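These numbers come from a predicted model, not from an experiment.
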Amino acid sequence: MENKPLASSAVTGLLLAAGFIVGCFVLGNALVAFKAMDRYVSVKGLAEREVNADLAVWPVSFSVGADTLPDLDRALAVSRAEVLKFLKEQGLGNAEIINAAPRIDENQYMSGQRPTSLYTAQAVLTVRTGDIATVKKAMAAAGDLVSRGVLLVRNYEFQPTFSFTGLNDIKPDMIAEATRNARNAARQFAEDSGSRVGGIRRASQGYFSLNDRDQYTPEIKKVRVVTSVDYFLED
């Protein structure tokens, strides 16, 4: 009976030793796994493509002068009618055309000289259409309005613009392409270092940029996105 405490102590000691060994084994594996989690490569993937603009906004700016406000209004109506007639002849009769309120200025006498017209008005008819080819053709022929008595005005406040509105439709494919490019870069790095690419540790989509291809063809846009991806490296 006196040997029971000794036997119990021996069993307890063996259990503690076994627990210590198992704990060391688990901790060792955890440290190895933690170290493996720290092995990764950061790469970037690029996707680019050219797209055609699908929306054109063309402000047609013109000016008239007169000595009385009623005459000024009549001159505006004549020039506006000529612009609308021109647009219809160019195939833009069904386009959305916005008629903005004219800006009227009263001209002052300079050094005692009477101005050519006491009043000047500048008006803008804005054409909005998805028919890019037709609006480009009309813009090239806009000089014909001068021979019809329309005084066109070059106004840097009202410049023609070409836009691409389908960015959301191409985003998924471009992100997938950029991610594939990033993984190819990571795979090359892994091969050079004797490793292989694992799963994604972290990824960020990046910013989509949309710019004119060049200053001569604003109706063609270049879309670009760069993704940043961290991949785990495995032995």
Can you name the residues that form a salt bridge (Lys or Arg N to Asp or Glu O under 4.0 Å) with Arg128, not counting sequence neighbours?
Glu96
According to side-chain hydrogen bond (donor to acceptor under 3.5 Å, both in side chains), who are the partners of Ser61, at least two apart in sequence or on a separate chain?
Gln122
ILVMFWY clustering at 4.5 Å (side-chain atoms), partners of Leu46:
Val226
What verdict does the side-chain contact (heavy atoms from CB on, under 4.5 Å) test give for Ser209 and Tyr207, after you've listed the backbone C-alpha separation in whole Å, the side-chain angles of each residue and the deciding distance to 0.1 Å?
CA-CA 6 Å; Ser209 63; Tyr207 172 74; 4.2 Å; yes
Taking salt bridge (Lys or Arg N to Asp or Glu O under 4.0 Å) as the test, write out the residues that go with Arg196, two or more places apart.
Glu234
Minimal non-hydrogen separation, Ala123 against Pro102, with atom names
CB-CB, 4.2 Å
Taking NZ in Lys222 as the centre, count heavy atoms belonging to other residues, nucleotides or ligands within less than 6.0 Å. Is the count above 12?
no
Cluster membership besides Ile220, Ile/Leu/Val/Met/Phe/Trp/Tyr side chains within less than 4.5 angstrom, sorted by chain and number, is none
Quick check: is Leu151 connected to Leu72 through a chain of hydrophobic side chains (ILVMFWY, heavy atoms under 4.5 Å apart)?
no
Shortest non-hydrogen contact from Asp173 toward Arg49:
CB-NH2, 4.0 Å
Closest non-hydrogen atom pair between Ser117 and Ala66, with its separation
CB-N, 3.5 Å
Measuring from atom OH of Tyr231 to atom CD1 of Ile200, what distance do you get when rounded to the nearest 0.5 angstrom?
4.5 Å
In this structure, OG1 of Thr134 is separated from CG of Asn94 (nearest 0.5 Å) by 10.5 Å
Starting from Ile175 and following side-chain heavy-atom contacts under 4.5 Å between hydrophobic residues (I, L, V, M, F, W, Y), which residues can be reached?
Val51, Phe164, Leu167, Ile170, Met174, Phe208, Leu210, Val223, Val225
Hey, quick one: are Val57 and Ile98 part of the same hydrophobic cluster, counting side-chain heavy atoms closer than 4.5 Å, chains of contacts allowed?
no
Main-chain N/O of Ala121 paired with Ser63 side-chain donor or acceptor, under 3.5 Å
yes
Got a sec, which pairs hit side-chain hydrogen bond (donor to acceptor under 3.5 Å, both in side chains) with one end in residues 179-190, sequence neighbours left out?
Asn184-Arg187, Gln188-Asp192
When you look at Val64 and Tyr119, which way does the side-chain contact (heavy atoms from CB on, under 4.5 Å) test go after all the steps?
CA-CA 9 Å; Val64 297; Tyr119 298 98; over 6 Å; no
Look up atom CD1 in Ile97 and atom CG in Leu125, then write down how far apart they are to the nearest 0.5 Å.
7.0 Å
Locate the shortest heavy-atom distance separating Leu233 from Ser195; write the atom from each residue and the value.
CB-CB, 4.3 Å
Val135 versus Phe162: any side-chain heavy-atom pair under 4.5 Å?
yes
How long is the straight-line distance from CG of Leu84 back to CG of Leu92, given to the nearest 0.5 Å?
11.0 Å
Hydrophobic cluster membership, Leu55 vs Trp58, 4.5 Å side-chain cutoff
no
Going hydrophobic residue to hydrophobic residue with side-chain gaps under 4.5 angstrom, can you get from Leu76 over to Leu145?
yes
For Thr116 versus Asp67, what's the shortest heavy-atom pair and its separation?
O-OD1, 4.0 Å
If the condition is salt bridge (Lys or Arg N to Asp or Glu O under 4.0 Å), which residues does Arg213 pass it with, not counting sequence neighbours?
Glu50
By side-chain hydrogen bond (donor to acceptor under 3.5 Å, both in side chains) - contacts of Asp230 (at least two apart)
Ser42, Arg201, Arg202
For the pair Thr129 (side chain) and Asp131 (backbone), establish whether a donor and an acceptor sit closer than 3.5 Å, ignoring hydrogens and angles.
yes
Do Met139 and Val83 share a hydrophobic cluster (ILVMFWY, side-chain heavy atoms under 4.5 Å, transitive)?
yes
In Å and rounded to the nearest 0.5 Å, what is the CG to CG distance from Asp105 to Leu118?
13.0 Å
Identify, with sequence neighbours excluded, every residue that meets salt bridge (Lys or Arg N to Asp or Glu O under 4.0 Å) alongside Asp212.
Lys221
Taking only residues at least two apart or on different chains, which pairs with a member in residues 140-159 satisfy side-chain hydrogen bond (donor to acceptor under 3.5 Å, both in side chains)?
Glu89-Arg148
Pairs meeting criterion side-chain hydrogen bond (donor to acceptor under 3.5 Å, both in side chains) with involvement of residues 69-84, two or more places apart:
Thr68-Asp71, Asp71-Arg74, Arg80-Asn99
Residue pair Val197 / Ala190: nearest heavy atoms and the distance that separates them:
CG2-CB, 3.9 Å
